[in-house]
2 protein chains.
Amino acid sequence: MLSNSAKYALKAVLYLSLNSNEEEKLMTKDISEKINVPKSYLAKILQDLSRHGVIASSKGPKGGFYLHDNNKKISLIDIIEVIDGKQRLSSCILGFHECDSENPCVLHDIMGGANNQFVKSLEETTLEDLIADLSEGSSVFPVD
Amino acid sequence: MLSNSAKYALKAVLYLSLNSNEEEKLMTKDISEKINVPKSYLAKILQDLSRHGVIASSKGPKGGFYLHDNNKKISLIDIIEVIDGKQRLSSCILGFHECDSENPCVLHDIMGGANNQFVKSLEETTLEDLIADLSEGSSVFPVD
DNA sequence: TCTTAAATATGATTTAAATCATGTTTTCAA
DNA sequence: TTGAAAACATGATTTAAATCATATTTAAGA
Ligand code: FES
Ligand code: FES
């Protein structure tokens, strides 16, 4: 469904959204230790996200990764698509085409359209929304 | 979510349930062509399923794979677990532990518990149920 | 200006999944 | 009783994802 890389990206961006801003940037090393993802692997992912404008970065001493406020208005699907592309998420669970309620495979009903539903939620949910959930304590941010 | 192998297994067993019985066994080659899965890869999967009693087989000329009636009463999860094991399906989408509504990760709500729901459906749905769906024409059996 | 700390770019290595290949055993039928 | 047709068992190869490593660029600060 989601690649490992995409999961890592979500965790990293979420961590950034909670712990960084223009004045307090974070280095790859710090993030990787906190969210428990191999450092140089995460580096590659962060650079990808940065190149696509999903997160911000600056080089040199005192540099690092951080989020602008408008970065927090981004929806989750945008993070995922940078890493996994558009195809992966919307494909049928039996993998024969795009998941499509008009032309459901034999497992589609069992999924209860969960596939489509999930994608829709990813489109509609922003980082800010998640942050709100977390501060309400209604969910937990996993690091392991 | 599901491995490729598990998808192949589902397709193959479903194909068997529609096209085989004690008198009409099917060879790997025939199945693989019909459901569009590499022959020797599928062979390995079918042998796995057979060894675990999910499907039946007989060797030699006129041999092949087939399903007994009671094989059709098996639930989908049993097919999947032979191939993927028990862990994979029930793990959190962020992959940090078992998906658990009592201890939801930050994406769990967005999933709408779809993870758990899906597993539950797989436990409750038998091959016979799928066959019924297909004959009603309410869903389609994908081969590509 | 020079050193150093950071991201960036690029490519190599490792690992696991998917796929291929081939010899062995069983059983049918002539 | 024997040849061929099938599953069965095992291992090799390929491929893609995950991971590691390292040289380059940029910018802060002494
Ligand atoms: S069409 Fe297969 S899961 Fe939707
Ligand atoms: S706990 Fe993460 S998806 Fe359920």
Given side chain to side chain contact (heavy atoms under 4.5 Å, CB included), test B:His108 with B:Asn116 step by step and report yes or no.
-> CA-CA 10 Å; B:His108 187 94; B:Asn116 295 324; 3.7 Å; yes
Residue pair A:Tyr41, A:Ser5: steps toward the side-chain hydrogen bond (donor to acceptor under 3.5 Å, both in side chains) verdict = CA-CA 9 Å; A:Tyr41 188 22; A:Ser5 301; 2.4 Å; yes
Okay, side chain of A:Asp129, backbone of A:Thr126: is any donor-acceptor separation there less than 3.5 Å?
-> yes
[atom1] of [X] versus [atom2] of [N]: gap in Å, rounded?
| X | N | atom1 | atom2 | result |
| --- | --- | --- | --- | --- |
| A:Met27 | C:dT8 | CE | P | 14 Å |
| A:Tyr41 | C:dT10 | OH | C1' | 16 Å |
| A:Lys25 | C:dA5 | NZ | P | 17 Å |
| A:Asp48 | C:dA9 | CG | P | 10 Å |

Go through the steps for B:Val106 and A:Leu10 under the test side chain to side chain contact (heavy atoms under 4.5 Å, CB included), then give the verdict.
-> CA-CA 10 Å; B:Val106 71; A:Leu10 282 171; over 6 Å; no
Using the heavy-atom set of chain A and a strict 4.0 Å cut-off, write down the first and last nucleotide of DNA chain D that makes it in, 5' to 3'.
-> D:dA18 to D:dG29
Given C:dA7, is OP1 or OP2 found less than 4.0 Å from the side-chain N or O atoms of A:Thr28?
-> yes
A:Arg51 side chain near C:dA9 phosphate (N/O to OP1/OP2, under 4.0 Å) = yes
Would you say A:Val54 and A:Tyr66 are hydrophobically clustered, going by side-chain heavy atoms of ILVMFWY under 4.5 Å?
-> no
Would you kindly confirm whether B:Met27 and B:Ile35 end up in one hydrophobic cluster when ILVMFWY residues are joined by side chain heavy atoms under 4.5 Å apart?
-> no
Look at all strands and tell whether [X] reaches a base, only sugar-phosphate, or nothing, counting heavy atoms closer than 4.0 Å.
| X | value |
| --- | --- |
| B:Lys44 | base |
| B:Ile45 | nothing |
| A:Leu42 | nothing |

Trace of the side chain to side chain contact (heavy atoms under 4.5 Å, CB included) decision for A:Ile93 with A:Cys99 = CA-CA 7 Å; A:Ile93 194 178; A:Cys99 173; over 6 Å; no
Near-strand residues of residues 56-74 of chain A, defined as heavy-atom separation under 4.0 angstrom from DNA chain D = A:Lys59, A:Gly60, A:Pro61, A:Lys62
Residues B:Asp133, B:Ser139; criterion side-chain hydrogen bond (donor to acceptor under 3.5 Å, both in side chains); working and verdict = CA-CA 6 Å; B:Asp133 283 356; B:Ser139 65; 5.0 Å; no
Knowing that exactly one of B:Glu81, B:Glu123, B:Glu98 qualifies, which makes a salt bridge (charged side-chain N to carboxylate O under 4.0 Å, His left out) with B:Lys86?
-> B:Glu81
